[in-house]
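The structure presented is a predicted model; accordingly, all values stated were derived computationally and were not measured.
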Amino acid sequence: MEARNKYCKRSIGKKTISVIYQSEQPLKHCCVFEGFFNMLTYVTMKRWMNIGLCVDEECDYFVLNSVGNLKLLLPYLTHYDMIHCYLDNDDAGIRATKKILAAYEGHAIDESQRYKAYNDINDVINGKMMSKKQ
């Protein structure tokens, strides 16, 4: 369980990955997200807004809930022909994406270029662009 507001984030218990399968068998494609709200935003956009952010294929979904859970995630990804990485455009998200790309070379894509002006997918619908680094 996690409680959060603009002042703090608190968790009860140990964080782990969330796995959302679309059917009883894994699909050929999956999407990986850093946080649950990013996954929810993606699913909403895929269903209701065609703005080029989402892949055309049907996908299973994985949510890290913390980039520290990357090692837990990697074994789950062996079943997929293509892994779409929708991680944050910050240092931790970029490092995690690079690790997935290296582990599944030729089977993983960095989709963060689709929202390169934003930290994450949720910021896209909130219109919250990243500040330019000087």
Nearest heavy-atom neighbours spanning [X] and [Y]:
X: Val67; Y: Ala96; result: CG1-CB, 4.2 Å
X: Asn65; Y: Ser18; result: ND2-OG, 3.0 Å
X: Glu58; Y: Lys46; result: OE2-CE, 4.1 Å
X: Cys31; Y: Tyr86; result: SG-CE1, 3.9 Å
X: Thr16; Y: Leu72; result: OG1-CD1, 3.7 Å

### Task
Examine Phe62 together with Phe33 and report whether their ring centres are nearer than 6.0 Å.
no

ILVMFWY network linking [X] to [Y], side-chain heavy atoms under 4.5 angstrom:
X: Val55; Y: Val124; result: yes
X: Leu73; Y: Leu87; result: yes
X: Leu27; Y: Val19; result: no
X: Val32; Y: Phe36; result: no
X: Met49; Y: Leu53; result: yes

### Message
Does atom NZ (Lys99) have a neighbourhood of more than 12 heavy atoms from anything else shown, all under 6.0 Å?
### Response
no

### Query
Taking atom CD of Gln113 as the centre, does the number of heavy atoms from other residues, nucleotides or ligands within less than 6.0 Å exceed 12?
yes

From [X] atom [atom1] to [Y] atom [atom2], the distance as rounded to the nearest 0.5 Å:
X: Ile100; Y: Cys85; atom1: CD1; atom2: SG; answer: 4.0 Å
X: Ile109; Y: Met82; atom1: CD1; atom2: CE; answer: 4.5 Å
X: Ile94; Y: Asp90; atom1: CD1; atom2: CG; answer: 6.5 Å
X: Leu77; Y: Tyr104; atom1: CG; atom2: OH; answer: 5.0 Å

For [Y], does its backbone N or O pair with a side-chain atom of [X] as donor and acceptor, under 3.5 Å?
X: Asn69; Y: Leu64; result: yes
X: His79; Y: Pro26; result: no
X: Asp88; Y: Gly93; result: no
X: Asn89; Y: Tyr118; result: yes

### Message
Does His84 form a side chain to side chain contact (heavy atoms under 4.5 Å, CB included) with Cys59? I'd like the steps, not just the answer.
### Response
CA-CA 9 Å; His84 303 276; Cys59 298; 4.1 Å; yes

### Task
Among Glu111, Met45, Arg114, find the one that has a side-chain contact (heavy atoms from CB on, under 4.5 Å) with Ile121.
Met45

### Task
Kindly assign one of parallel, tilted or perpendicular to the pair Tyr61 and Tyr42, based on the angle between their ring planes and the thresholds 30° and 60°.
perpendicular

### Query
Taking C-beta and beyond as the side chain, do Met39 and Glu34 meet within less than 4.5 Å on heavy atoms?
no

### Phe37 side chain near Asp120 side chain, heavy-atom distance below 4.5 Å
no

### Query
Does the side chain to side chain contact (heavy atoms under 4.5 Å, CB included) test come out yes or no for Val63 and Ile17, once each step is laid out?
CA-CA 6 Å; Val63 181; Ile17 62 172; over 6 Å; no

### Query
Does a donor on one side chain and an acceptor on the other come within less than 3.5 Å for Thr97 and Asp110?
no

### Query
Any side-chain donor-acceptor pair under 3.5 Å between Tyr76 and Asp60?
no

